[in-house]
Enquirer: 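Structure provided below as structure tokens; questions to follow.
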Amino acid sequence: MIQPPGSVFPPPRPSPTSARRWGARWIDWLVPWLVTAPLWFLTAEKIQTDAGKHGFTLAGKGLFKAAFGEWGALGDTAGDEVGDLWGDIVALIALTLAVQVLLIMVYEVILVRSWGRTLGKAAFALTVRRTDGARLTVGQACARTALTVLVPGLGWVLLIAAILQLSVLLALAGIALLIFSAVECGMVRTSPDGKTCWHDRRTGSVVVPNTWTDQLRQMRDGGTQFARTAWQAPPVQQLSQQAQATFQQARERGRQAMSRDNGQNRGG
């Protein structure tokens, strides 16, 4: 294409490839998952407590049936208690996974709303914004995160619970959510701002790629603005004034002490 004389073409904008978006998504799943991993210690402690309770219950029922000569019912009693215990374990595992999914959702909503990017998107120089260039509202951030985090997350929770519980119904529900998430992410269209998925179009958001220079400049400007805002906060200004007053008083006392010492030396 021949450029007409005097015309200026805008610099090309880098395209947000699917690899960059998927890389950012994996980071945004992995980092909060590791941060919330201590929840599993609480889950393990609860499972251990429930196992002890079921063990005492089984022992009591076994002694009762043995005392009355119901030896044949001991196997059924043991099977019922083990089944109840396993059901409690599966429920606790599913609950812990669901809590982690919700915490990941909260993490993404807060960062996208306040910063315009998550840690993963910052690592891959991507920014989430509205089509008019402004940051997403709380409602848009929640709707977008529900489609990108909550739907696939609950799909995996249901699928894991189905495997542990051997439930066909839970497996079908989990697979349906995962298929829906994969299909909507695959419904990619090209727009002036780059490629958009179905959840982008439904929530009025776009993922805009930045160069690393722009990324560093935005971080510098954001840090400068944060420092300026923090310095202008009333508590900080009050502490600064108190520190200045204390310094002035200390310097004045020092001058007075030096004056007294000089006067004594001259008198001596």
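Owing to the predicted nature of the structure, the values given are computational and were not obtained by experimental measurement. Below, each value reflects all heavy atoms present in this structure, side chains not excepted, and no hydrogens, waters or symmetry copies.
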Enquirer: Indicate the atoms forming the closest heavy-atom contact of V109 with A141, along with that distance.
Expert: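 Heavy atoms of V109 and A141 come nearest at CG2-O, 3.8 Å.
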Enquirer: Test of understanding: with salt bridge (Lys or Arg N to Asp or Glu O under 4.0 Å), list the residues that count as partners of D28, not counting sequence neighbours.
Expert: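 If we apply the salt bridge (Lys or Arg N to Asp or Glu O under 4.0 Å) test to D28, skipping adjacent residues, there are no hits.
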Enquirer: Hey, what do you get for CG (L102) to OG1 (T145), rounding to the nearest 0.5 Å?
Expert: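 One finds 12.0 Å between CG of L102 and OG1 of T145.
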Enquirer: Tell me the ring pair (Phe, Tyr, Trp, His ring centres under 6.0 Å) pairs involving residues 87-106, sequence neighbours left out?
Expert: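 For residues 87-106, and leaving out neighbouring residues, there are no ring pair (Phe, Tyr, Trp, His ring centres under 6.0 Å) pairs at all.
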Enquirer: If the condition is side chain to side chain contact (heavy atoms under 4.5 Å, CB included), which residues does I179 pass it with, not counting sequence neighbours?
Expert: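 Checked I179 against side chain to side chain contact (heavy atoms under 4.5 Å, CB included); matches are I175, V183.
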Enquirer: Please report the interatomic distance CG(L177) to CG(L172), rounded to the nearest 0.5 Å.
Expert: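 Answer rounded to 0.5 Å: 11.0 Å.
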Enquirer: Which atom pair, heavy atoms only, marks the closest approach of L147 to F180?
Expert: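 Taking every non-hydrogen atom into account, CD2-CE2, 4.3 Å.
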Enquirer: Is the backbone of F124 close enough, under 3.5 Å, to the side chain of R20 for a donor and an acceptor to pair up by distance?
Expert: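 At least one qualifying donor-acceptor pair exists.
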Enquirer: So how far is it from I110 CD1 to T118 OG1, rounded to the nearest 0.5 Å?
Expert: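 I110 CD1 to T118 OG1: 13.0 Å, rounded to 0.5 Å.
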Enquirer: One thing to verify: whether D200 and R144 come together as a salt bridge, which I'm taking to mean a side-chain N less than 4.0 angstrom from a carboxylate O.
Expert: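 Yes, charged N to carboxylate O under 4.0 Å.
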Enquirer: Please report the interatomic distance SG(C142) to CZ(R113), rounded to the nearest 0.5 Å.
Expert: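 Answer for the SG-CZ pair, C142 versus R113, is 10.5 Å.
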Enquirer: Does any N or O in the side chain of W86 come within less than 3.5 Å of the main-chain N or O of L164, such that one atom is a donor and the other an acceptor?
Expert: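 It does hold such a pair.
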Enquirer: Could you give the distance from CD1 (I89) to CD (Q165), rounded to the nearest 0.5 Å?
Expert: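 Here the interatomic distance stands at 10.5 Å.
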Enquirer: Please check if atom CD in E45 has more than 12 non-hydrogen atoms from other residues, nucleotides or ligands closer than 6.0 Å.
Expert: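 Counting neighbours around CD of E45, 12 or fewer heavy atoms of other residues, nucleotides or ligands fall under 6.0 Å, so no.
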Enquirer: Return the set of residues passing side chain to side chain donor-acceptor pair (under 3.5 Å) with S181 (not counting sequence neighbours), or none when no residue passes.
Expert: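 If we apply the side chain to side chain donor-acceptor pair (under 3.5 Å) test to S181, skipping adjacent residues, there are no hits.
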Enquirer: So which pairs with a foot in residues 129-160 pass ring pair (Phe, Tyr, Trp, His ring centres under 6.0 Å), sequence neighbours left out?
Expert: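 Those involving residues 129-160 do not exist here.
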Enquirer: Starting from the C-alpha separation in whole Å, work towards a yes-or-no answer on side chain to side chain contact (heavy atoms under 4.5 Å, CB included) for R129 and V206.
Expert: CA-CA 6 Å; R129 62 173 176 82; V206 291; 3.9 Å; yes
Enquirer: Of the non-hydrogen atoms in A123 and I27, which two are nearest, and what is the gap between them?
Expert: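 Nearest heavy atoms, A123 then I27: CB-CD1, 4.0 Å.
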Enquirer: R25: which residues meet the salt bridge (Lys or Arg N to Asp or Glu O under 4.0 Å) condition with it, sequence neighbours left out?
Expert: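 R25: salt bridge (Lys or Arg N to Asp or Glu O under 4.0 Å) contacts with E108.
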